[in-house]
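As the structure is a prediction and not an experimental result, all values here were calculated from the model.
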Amino acid sequence: MRPFSYERAKSVTEAVDTVAHRPGGRFIAGGTNLLDLMKLQIEVPGHLVDINGLDLDRIEETAEGGLRIGALVRNTDLAADKRVRKSYGLLSRALVAGASGQLRNKATTAGNLLQRTRCPYFYDTNQPCNKRKPGSGCAAIGGFSRNHAIVGASEACIATHPSDMAIAMRALDATIETVKPGGKKRHIPIADLHVLPGATPHIETVIEPGEMITAVTLPKPVGGTHVYHKVRDRASYAFALISIGAIVQKDGTGRIALGGVAHKPWRVEAAEAELPRGVKTTVSAILADAKPTRENAFKLPLIERALGAILAQARG
Amino acid sequence: MENITGFTVSRRSILVSGTASIAVSAVPGVAAPQRHAKESGTAVTRVALTVNGKTQPLELDTRTTLLDALREHLKLTGTKKGCDHGQCGACTVLVDGRRINSCLTLAVMHEGDSITTIEGLGTADKLHPMQAAFVAHDGYQCGYCTPGQICSALAVLDEIKAGIPSHATADLEADPRITTDEIRERMSGNICRCGAYSNIVEAIVEVAETRA
């Protein structure tokens, strides 16, 4: 790790201003992703602002009948919350499908959304990577791309977003609450939080320097059968090859968000209208512009079959 | 024989004296513990940790992980460094009763926290029931992952008791039960290279049944 200075944040506004104005300033909360990358010198912050002491660790009911989840709520606590288990089962299921018990005890709601890709070429500092070192090239393209994106990728980057939780949040239409330097708040629909790689894969979200996620809100429950179906190389503690977060209603309508296929949680609302017409048409519509590599073309039939299994399960 | 029984240098004392650290540093790709760095820009911070019930004031390079603080500064080498990236679970300790990977957290982030390591659970003369069960069921071969396995196992039983669901929980709204499926899923963050998994599960089940 490169040397860095450290302070404990006293308030959101102060922390935001410190990170915005101090060169190399970064927030640290759970630290499970940031420290991992700092050890490899992929992340090299010069100053860490520890926000763990801030009052952002509660789950509250909103006036609209939804839930407001503090940025620091740990993955374990979010998955275990009785209201989440009852009305947002998809979110609980996605959380417990990710990482290990130890990591979920540390990892936070906001940090989970902002975690970096697990592309092996991003992690291997001997390889070119446009995300780690803009302009250096992409070793994944033409490389071992079995676990890479099949949709929304670019000539600069074919990495995927690794989060399970974010797939559930996308299907649940979550909204991200932030505080910007200067104290201005904003609300970002989760659909707009993550961006596609394009020519600038090092830019992964619309969050600005110093801007802090303070909460994630869920609208009131939509009912239906909640399923998180994750396919991975091991039965536990592995990132998804593909995952599907689904909410299926009795009338056959529903919502589908895909993980392990793109630089962001992948959901095409218009394609969900095809659900009553069957799996094949639905998946064709969700992944209309898919450009898999030779090594990850298996993801297309895998998604089709996994969705088939989900719909069969939802029908009971 | 006199010479052998009088030979008091144990593997542990060699490890603490630093020989092993030097050997480890020489292997490329293996994470070495971080010593007091002399590089420019190095920042030092004071932090007081409560480890196994004892308050420990420390002055640390900000980069020191909780794992390195325990092993290198407090000489509590029971907690092991495996991958140093949160993938193997050898470094699992309990912080305020919850299990975490001590390699993926900074010591300075634990001011005032109560940390329990394997040394705080039992002694060679008076084993913790989970330690005794691991011995009785042969829940290890080389033993390197064992301190992490035991800390994790204790937390697993508490997590099930607290109603925290897992990927193996069939009904999210019901309280999870102690089953081998639940234990296997919940212990997946602790890797055993010797493959003692089935005996580890048996040891945990035995402790769970004794407690119930």
Side-chain angles (χ1 to χ4, degrees), chain A residues 1-8 24 28-40 46-48 50-53 74 76-77 79-82 84-107 123 164 226 228 230 234-238, chain B residues 31 34 37 39-45 47 60-65 83-89 91-95 97-106 108-111 148 151-152 155-156 159 162-169 171-174 176 184-191:
Chain A
M1 264 188 264
R2 299 271 182 83
F4 55 84
S5 47
Y6 168 91
E7 70 175 284
R8 293 186 191 101
I28 186 164
T32 54
N33 190 212
L34 182 59
L35 284 166
D36 182 27
L37 294 168
M38 283 167 66
K39 289 181 182 195
L40 298 166
H47 184 71
L48 287 184
D50 180 351
I51 61 167
N52 283 294
R74 310 288 152 171
T76 298
D77 300 317
D81 185 277
K82 286 217 152 66
V84 175
R85 282 153 74 183
K86 183 172 189 289
S87 306
Y88 305 94
L90 173 57
L91 181 54
S92 267
R93 286 285 177 209
L95 282 160
V96 297
S100 67
Q102 289 95 315
L103 290 167
R104 291 193 296 269
N105 279 344
K106 267 267 149 207
Y123 265 76
D164 293 298
H226 288 217
Y228 188 71
K230 180 175 181 178
R234 294 191 296 237
S236 182
Y237 199 16
Chain B
Q34 289 195 345
E39 305 160 51
S40 63
T42 300
V44 173
T45 307
V47 64
L60 299 170
D61 183 317
T62 49
R63 292 173 290 181
T64 313
T65 60
C83 68
D84 211 25
H85 285 275
Q87 296 170 8
C88 77
C91 69
T92 304
V93 298
L94 306 174
V95 176
R98 300 181 76 159
R99 56 178 172 153
I100 65 164
N101 301 108
S102 62
C103 74
L104 280 190
T105 191
L106 297 170
V108 293
M109 294 165 75
H110 293 280
E111 174 73 35
C151 287
S152 204
V156 161
E159 286 165 16
I164 295 167
S166 85
H167 185 60
T169 309
D171 181 357
L172 272 184
E173 291 191 65
R184 281 177 195 282
E185 162 60 29
R186 289 168 192 264
M187 289 296 291
S188 70
N190 291 83
I191 310 296

**Report entry** pair A:N105-B:E159: side-chain heavy atoms closer than 4.5 Å
**Finding:** yes
Query - Least distance between heavy atoms, A:R85 atom then B:G163 atom - result: NH1-O, 3.0 Å
**Report entry** Atom pair CG/CG of B:D84 and A:D36 - distance to nearest 0.5 Å
**Finding:** 9.5 Å
Requested in this report: Can you tell which part of A:R8 gets under 4.5 Å to a heavy atom of chain B, answering side chain, backbone, both or neither?
Outcome: side chain
Report task. Give the minimum heavy-atom separation between A:S5 and B:A43, together with the two atoms involved. Result -> CA-CB, 4.0 Å
**Report entry** Proximal component of A:L48, with respect to chain B [non-hydrogen, under 4.5 Å]
**Finding:** side chain
Query raised in the report: Counting N and O atoms only, with roles assigned by atom type, does the side chain of A:S100 sit under 3.5 Å from a partner on the main chain of B:S188, one being a donor and the other an acceptor?
Result: no
Requested in this report: Drop me the distance from A:Q102's CD to B:C103's SG, to the nearest 0.5 angstrom.
Outcome: 10.0 Å
Query raised in the report: Side chain, backbone, both or neither: which part of A:A235 has a non-hydrogen atom closer than 4.5 Å to chain B?
Result: backbone
Query raised in the report: Does a side-chain heavy-atom distance below 4.5 Å link B:I100 with A:T32?
Result: no
**Report entry** Exam field: side chain B:R98 to backbone A:K106, donor-acceptor pair closer than 3.5 Å
**Finding:** no
Report summary line: Between B:G86 and A:L103 the two heavy atoms that sit nearest each other are O-CD1, 3.9 Å
Query - Pick from B:H167, B:E111, B:Q87 with the largest number of heavy-atom pairs that fall under 4.5 Å of chain A - result: B:H167
**Report entry** Inter-residue atom distance A:H226.NE2 - B:L172.CG, 0.5 Å rounding
**Finding:** 10.5 Å
Report summary line: Turns out that what part of A:A29 lies under 4.5 Å from chain B's heavy atoms comes down to backbone
Report summary line: Those residues at least two apart in sequence (or on a different chain) that pass side chain to side chain donor-acceptor pair (under 3.5 Å) with A:N52 are A:D50, A:R74
Query raised in the report: How would you list, by chain and number, every residue that makes a salt bridge (charged side-chain N to carboxylate O under 4.0 Å, His left out) with A:R104, sequence neighbours excluded?
Result: none
Report task. Select one option (side chain, backbone, both, neither) describing which atoms of B:T105 are under 4.5 Å from chain A's heavy atoms. Result -> both
Query raised in the report: Say you draw a straight line from CG of A:L34 to CG of B:L106; how long is it, rounded to the nearest 0.5 Å?
Result: 8.5 Å
Query raised in the report: Hey, what do you get for OG1 (B:T64) to CE (A:M1), rounding to the nearest 0.5 Å?
Result: 8.0 Å
Report summary line: In terms of heavy-atom contacts, B:I164 and A:A80 come closest through CG1-CB, 3.9 Å
Query raised in the report: Picking from A:K86, A:K230, A:M38, which has the most non-hydrogen pairs under 4.5 angstrom with chain B?
Result: A:K86
Query raised in the report: Quick one: which of B:R186, B:E185, B:R184 gives a side chain to side chain contact (heavy atoms under 4.5 Å, CB included) with A:S236?
Result: B:E185
Query - A:Y6 side-chain N/O to B:T45 backbone N/O, donor-acceptor pair under 3.5 Å - result: no
Query raised in the report: Which distance, rounded to the nearest 0.5 Å, do you find between the CG of B:D61 and the CZ of A:F4?
Result: 7.5 Å
